[in-house]
Every structure is written in C-alpha cells, then in structure tokens.
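Input: a single structure, listed below in structure tokens.
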Amino acid sequence: MVCMVSRQGRELQRYNKAGGRVVVGCIPYKLKEDIPIGSRIDQAIEVLVITSQKGHGMMFPKGGWELDETIDEAVTREAMEEAGVLGTLQGELGIWNYISKRYNVVYEGKMYALKVTNELCQWPEMHVRNRKWVSVAEAREGCQHKWMADALEKLVSQLSMRYMQETA
C-alpha cells in the first residue's frame with residue numbers, strides 16, 4: 001500500500017555542516033521498448049521529469065532526507081510523492097553542492113538512478129506537479145539546474161558502461 005500524503009515540516013530534516021539541507025533525489029528512467037539499446041544508450045532511454053510546485057521548468061524528483069529514514073527510503077519516497085513512480089534504485093549518481101534560490105544557503109544534493117517499475121495513477125502531489133516522459137536530449141535541453149544536468153550525464157554514462165559490460 002502506498003501512502004497518498006506527502007510528508008510536511010522540517011523538524012526531522014537533515015542539515016549539512018554549513019546549515020544547508022541535505023536533499024536526495026533520483027532520475028526515474030525506463031528503456032524504450034521499440035529501440036534497440038546499441039551503442040547509443042541516450043536514445044534508448046526515457047527519463048521522467050516533473051514541474052516544480054510553482055509549475056516552472058523541468059526537474060527530477062528531490063526533497064529532504066529525514067532523520068527517521070534511510071537514504072534509499074528517502075529517495076523512493078520523493079519519487080512516489082512528487083512523480084508518482086515506484087522502482088528499483090540502480091546506484092548513486094553523485095553528490096553536488098548548490099545554492100538554494102529561496103534561502104541563499106548551500107544545500108547538498110545526492111542523486112540516484114531509479115529504474116521505474118510502476119507508474120501510479122494517483123500520487124500525493126499530482127495536483128501541484130505535472131510529470132512527463134522525455135528523451136535524454138529533451139531533458140538536457142530543458143534542465144534548469146546544472147547539478148541535475150550533471151547527474152543526467154552520469155546516468156547515461158553508467159547505463160552505457162553497464163550495457164557494454166553485459167554485451168562483452
């Protein structure tokens with residue numbers, strides 16, 4: 001059973017040494033069924049992007065990592081709450097520092113790859129966010145946050161290396 005209410009509040013929020021939030025997120029992805037993977041993995045996958053709560057631009061699901069959950073639980077919770085997807089974590093893409101536009105403080109963002117196994121018809125933030133499957137090229141073009149664009153490049157690189165190892 002999936003909880004249909006987003007977590008609220010900051011009382012359990014994790015913070016870094018500089019006082020910024022520790023944020024975790026993922027790049028939800030799936031393989032296109034009609035395109036062979038081949039050597040161009042970026043053409044064979046789609047990634048799921050969402051709008052911010054204000055409806056501006058594209059981004060990947062992310063949010064605060066709370067004290068009462070593991071990092072895996074936090075990442076999968078954010079994917080479900082914000083994008084309405086469930087899946088299997090495929091590994092860390094990296095850790096980036098970025099400046100919060102709202103608070104002008106340095107946040108620490110940790111991103112993971114999430115291979116989507118289920119898309120929910122209803123999810124907690126479905127009325128405040130839109131979701132859309134896009135090509136890697138579209139995500140590259142529309143990504144407003146450099147650290148998320150860097151995470152996307154890391155995902156493409158990891159999937160390409162994994163495919164080459166599997167076919168060698």
Side-chain angles (χ1 to χ4, degrees), residues 2-30 42 45-116 120 123-159:
V2 175
C3 177
M4 295 307 288
V5 178
S6 294
R7 280 188 153 197
Q8 302 292 316
R10 298 273 168 96
E11 54 276 350
L12 294 177
Q13 179 65 55
R14 292 176 192 255
Y15 292 89
N16 62 24
K17 292 176 184 167
R21 291 174 64 209
V22 177
V23 173
V24 297
C26 65
I27 300 180
Y29 77 93
K30 64 182 178 182
D42 59 331
I45 62 172
E46 289 181 300
V47 294
L48 187 67
V49 294
I50 59 172
T51 57
S52 70
Q53 286 187 338
K54 296 178 180 94
H56 307 294
M58 297 188 314
M59 61 178 15
F60 299 112
K62 65 158 182 58
W65 176 17
E66 300 188 359
L67 296 170
D68 66 341
E69 59 190 353
T70 67
I71 196 163
D72 289 2
E73 290 169 339
V75 173
T76 56
R77 174 182 51 78
E78 289 297 336
M80 187 279 299
E81 287 179 355
E82 294 187 353
V85 291
L86 305 173
T88 305
L89 288 178
Q90 301 288 301
E92 184 179 296
L93 298 172
I95 301 171
W96 290 267
N97 290 318
Y98 67 98
I99 297 175
S100 164
K101 290 179 183 176
R102 179 183 278 176
Y103 300 109
N104 198 30
V105 66
V106 177
Y107 282 12
E108 182 178 294
K110 300 178 183 207
M111 292 294 284
Y112 290 79
L114 179 82
K115 186 171 186 180
V116 173
L120 304 174
W123 65 98
E125 297 185 18
M126 64 186 285
H127 298 295
V128 294
R129 296 184 190 275
N130 294 317
R131 67 181 179 189
K132 180 180 178 184
W133 286 101
V134 299
S135 68
V136 170
E138 288 174 285
R140 282 180 179 134
E141 191 174 305
C143 194
Q144 297 179 335
H145 305 286
K146 183 179 179 340
W147 68 283
M148 286 189 177
D150 291 346
L152 177 61
E153 295 310 316
K154 185 77 182 252
L155 171 69
V156 171
S157 175
Q158 282 184 3
L159 291 176

Output for pair (Ile27 CD1, Leu152 CG), nearest 0.5 Å, gives 5.0 Å

May I have the step-by-step check of side chain to side chain contact (heavy atoms under 4.5 Å, CB included) for Tyr15 and Arg21, ending in yes or no?
CA-CA 4 Å; Tyr15 292 89; Arg21 291 174 64 209; 3.6 Å; yes

Checking side chain to side chain contact (heavy atoms under 4.5 Å, CB included) for the pair Glu153/Arg140: CA distance, chi angles, key distance, verdict? CA-CA 9 Å; Glu153 295 310 316; Arg140 282 180 179 134; 2.6 Å; yes

The reported gap from CG in Asn16 to CG in Asn97 (rounded to nearest 0.5 angstrom) is 7.0 Å

Requested in this report: Please lay out, stage by stage, how Ile99 and Asn104 fare under the test side chain to side chain contact (heavy atoms under 4.5 Å, CB included).
Outcome: CA-CA 6 Å; Ile99 297 175; Asn104 198 30; 3.5 Å; yes

Note: Glu69 and Glu66 closest approach over all heavy atoms is OE2-N, 3.1 Å

* So, do Glu81 and Trp123 sit near enough that their side-chain heavy atoms are less than 4.5 Å apart? -> no

>> Are the side chains of Glu78 and Cys26 in contact, using a 4.5 Å heavy-atom criterion?
In response: no

d(Lys115 NZ, Leu159 CG) to nearest 0.5 Å is 8.5 Å

- Item | Within 45° cone and under 6.0 Å: Lys30 NZ/CZ vs Trp133 ring | yes

(message) Lys154 vs Glu92, test: salt bridge (charged side-chain N to carboxylate O under 4.0 Å, His left out). Steps then yes/no.
(response) CA-CA 9 Å; Lys154 185 77 182 252; Glu92 184 179 296; over 6 Å; no

Give me the ring orientation class for Trp147 and Tyr98: parallel if the planes are under 30° apart, tilted from 30 to 60°, perpendicular past 60°. parallel

Here the pair of heavy atoms bringing Val47 nearest to Ser135 is CG2-O, 4.3 Å

All heavy atoms of Ala83 vs all of Leu48, minimum pair found to be CB-CD2, 3.7 Å

Under the salt bridge (charged side-chain N to carboxylate O under 4.0 Å, His left out) criterion, do Glu73 and Arg77 qualify, and how do the steps go?
-> CA-CA 6 Å; Glu73 290 169 339; Arg77 174 182 51 78; over 6 Å; no

Looking only at heavy atoms, the pair that brings Pro28 and Val116 closest together is CB-CG2, 3.6 Å

Passes side chain to side chain contact (heavy atoms under 4.5 Å, CB included), Phe60 versus Lys62? Steps please.
CA-CA 6 Å; Phe60 299 112; Lys62 65 158 182 58; over 6 Å; no

Value for NZ (Lys132) from CD1 (Ile50), rounded to nearest 0.5 Å, stands at 14.5 Å

Interatomic distance, CE@Met58 vs CD@Glu141, rounded to 0.5 Å, equals 8.0 Å

When every non-hydrogen atom of Thr51 is compared with those of Val128, the smallest separation belongs to OG1-O, 4.4 Å

Nearest heavy-atom approach of Pro61 to Glu82 is CA-OE1, 3.3 Å

| Thr76 versus Leu89: any side-chain heavy-atom pair under 4.5 Å? | yes

dist Met111:CE -> Met148:CE (nearest 0.5 Å) comes out at 5.0 Å

